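Below: one structure, written as structure tokens.
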Amino acid sequence: MTSLVEKKLFKSLFSFFLLVLLFDTVYSSRKTLDQKKPCKHFSFYFHDILYDGDNVANATSAAIVSPPGLGNFKFGKFVIFDGPITMDKNYLSEPLARAQGFYFYDMKTDYNAWFCYTLVFNSTEHKGTLNIMGADLMMEPTRDLSVVGGTGDFFMARGIATFVTDIFQGAKYFRVKMDIKLYECY
């Protein structure tokens, strides 16, 4: 009888110490993030010129789905884009990356879009990609989207891309300043 109790006690203690060891290993291997100090910080401008039937040479995006009659806030409109990313506000400046992805308007009562895109860098300064996604609450002065990964110089990067609308010219053209702060860099 005592050997059965001893075996159960030994198994229980062994399991407890194994659990403590695993917890300590997982906890100590986590990378701590300093949210006040990003490991990389960039500011870029994203330019978007929506195709309107006459601007084939300059268009950087096209509405693929634009259902009529779903409200006054473009609800359901789906846009695919491949636009230049520049260091300054000038659309004709040398692009340091391309923003390739899509957005769609997902609110019936106000202007709101959901973005999912990749910044493709192929310059002398940077090589690789950054993947960004999230809700763009357009009526807010600043909006934060998540940086969810990357490749090359930005391998597995995570952080925040803050949007500020710099200029908006109706449905034809808009420019957004992107302030990107990476808090996890490898």
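Counting begins at 1 with the first residue of the sequence. Bear in mind that the values here come from a model prediction, so they are computed numbers and not experimental data.
Residues Phe163 and Phe46 fail the side-chain proximity criterion, which asks for heavy atoms closer than 4.5 Å. Annotation: side chain of Ile85 is not in contact with side chain of Pro95 (no heavy-atom distance under 4.5 Å). Residues Tyr183 and Cys39 fail the side-chain proximity criterion, which asks for heavy atoms closer than 4.5 Å. Using a 4.5 Å cut-off on side-chain heavy atoms (C-beta onward), Met87 and Tyr45 make no contact. Side chains of Ile64 and Val79 form no contact here, defined as non-hydrogen atoms less than 4.5 Å apart. Put simply, the side chain of Thr109 does not reach to within 4.5 Å of the side chain of Phe75, judged on heavy atoms.
Counting non-hydrogen atoms of neighbouring residues, nucleotides and ligands closer than 6.0 angstrom, the NZ atom of Lys40 exceeds 12 such neighbours. Residue-environment remark: OH (Tyr111) exceeds the threshold of 12 foreign heavy atoms within 6.0 Å.
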N/O donor-acceptor pairs under 3.5 Å from side chains in residues 137-149, not counting sequence neighbours:
from: Arg143; atom 1: NE; to: Asp136; atom 2: OD1; distance (Å): 2.5
from: Arg143; atom 1: NH1; to: Glu140; atom 2: O; distance (Å): 3.2
from: Arg143; atom 1: NH1; to: Thr165; atom 2: OG1; distance (Å): 3.3
from: Arg143; atom 1: NH2; to: Asp136; atom 2: OD1; distance (Å): 3.3
from: Arg143; atom 1: NH2; to: Thr165; atom 2: OG1; distance (Å): 2.8
from: Asp144; atom 1: OD1; to: Thr162; atom 2: OG1; distance (Å): 2.7

With a 3.5 Å cut-off and sequence neighbours excluded, list the donor-acceptor pairs that the side chains of residues 114-121 form with protein atoms.
from: Thr118; atom 1: OG1; to: Asn131; atom 2: OD1; distance (Å): 2.9

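Residues satisfying the side-chain contact (heavy atoms from CB on, under 4.5 Å) criterion with Met156, sequence neighbours excluded, are Tyr186. Scored by the side chain to side chain donor-acceptor pair (under 3.5 Å) test, Thr129 finds Thr151 as partners (sequence neighbours excluded). Evaluation of the side-chain contact (heavy atoms from CB on, under 4.5 Å) rule for Val65 yields Pro67, Phe78 as partners, not counting sequence neighbours. Residues passing the side chain to side chain donor-acceptor pair (under 3.5 Å) test with Tyr105, sequence neighbours excluded: none. Not counting sequence neighbours, the partners of Gln169 by the side-chain contact (heavy atoms from CB on, under 4.5 Å) test are Ile167, Tyr173. Residues that satisfy the side-chain contact (heavy atoms from CB on, under 4.5 Å) test with Asn122, not counting sequence neighbours, are Lys127.
Considering all non-hydrogen atoms of both residues, Tyr103 and Ala113 come closest at CD1-CB, 4.3 Å. Here the closest heavy-atom approach between residue Pro84 and residue Thr60 is recorded as CD-CG2, 3.8 Å.
Under a hydrophobic-cluster definition in which Ile, Leu, Val, Met, Phe, Trp and Tyr are linked whenever side-chain heavy atoms come within less than 4.5 Å, directly or via other members, Val164 and Phe44 are assigned to different clusters. Hydrophobic clustering keeps Ile132 apart from Phe104 (ILVMFWY residues linked when any side-chain heavy atoms are closer than 4.5 Å, directly or through intermediates). A continuous path of ILVMFWY side-chain contacts below 4.5 Å connects Leu96 to Ile180, so both sit in one hydrophobic cluster.
Among residues at least two apart or in separate chains, salt bridge (charged side-chain N to carboxylate O under 4.0 Å, His left out) pairs with a member in residues 76-90 are Asp82-Arg98, Lys89-Asp166. Identified under the salt bridge (charged side-chain N to carboxylate O under 4.0 Å, His left out) test for residues 42-58, with sequence neighbours left out: Asp52-Lys172.
Distance CZ/Arg158 to SG/Cys185: 11.0 Å, rounded to 0.5 Å.
Hydrophobic side-chain contacts under 4.5 Å tie Tyr51 into a cluster, directly or through other members, with Val56.
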* **Steps toward side chain to side chain contact (heavy atoms under 4.5 Å, CB included) verdict (Ile49, Asn55)** => CA-CA 9 Å; Ile49 300 173; Asn55 61 348; 3.5 Å; yes
* Report the C-alpha separation of Leu182 and Leu130 in whole Å, then their side-chain angles, then the decisive distance to 0.1 Å, and conclude whether the side chain to side chain contact (heavy atoms under 4.5 Å, CB included) test is met. => CA-CA 10 Å; Leu182 302 179; Leu130 273 177; 4.2 Å; yes
* To do: Could you go through the side chain to side chain contact (heavy atoms under 4.5 Å, CB included) check for Ser43 and Met178 one step at a time?
  => CA-CA 6 Å; Ser43 289; Met178 291 188 299; over 6 Å; no
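With 3.5 Å as the limit, one finds a donor-acceptor pair spanning the side chains of His47 and Thr86.
In this structure, His126 has its ring center under 6.0 Å from that of Phe154.
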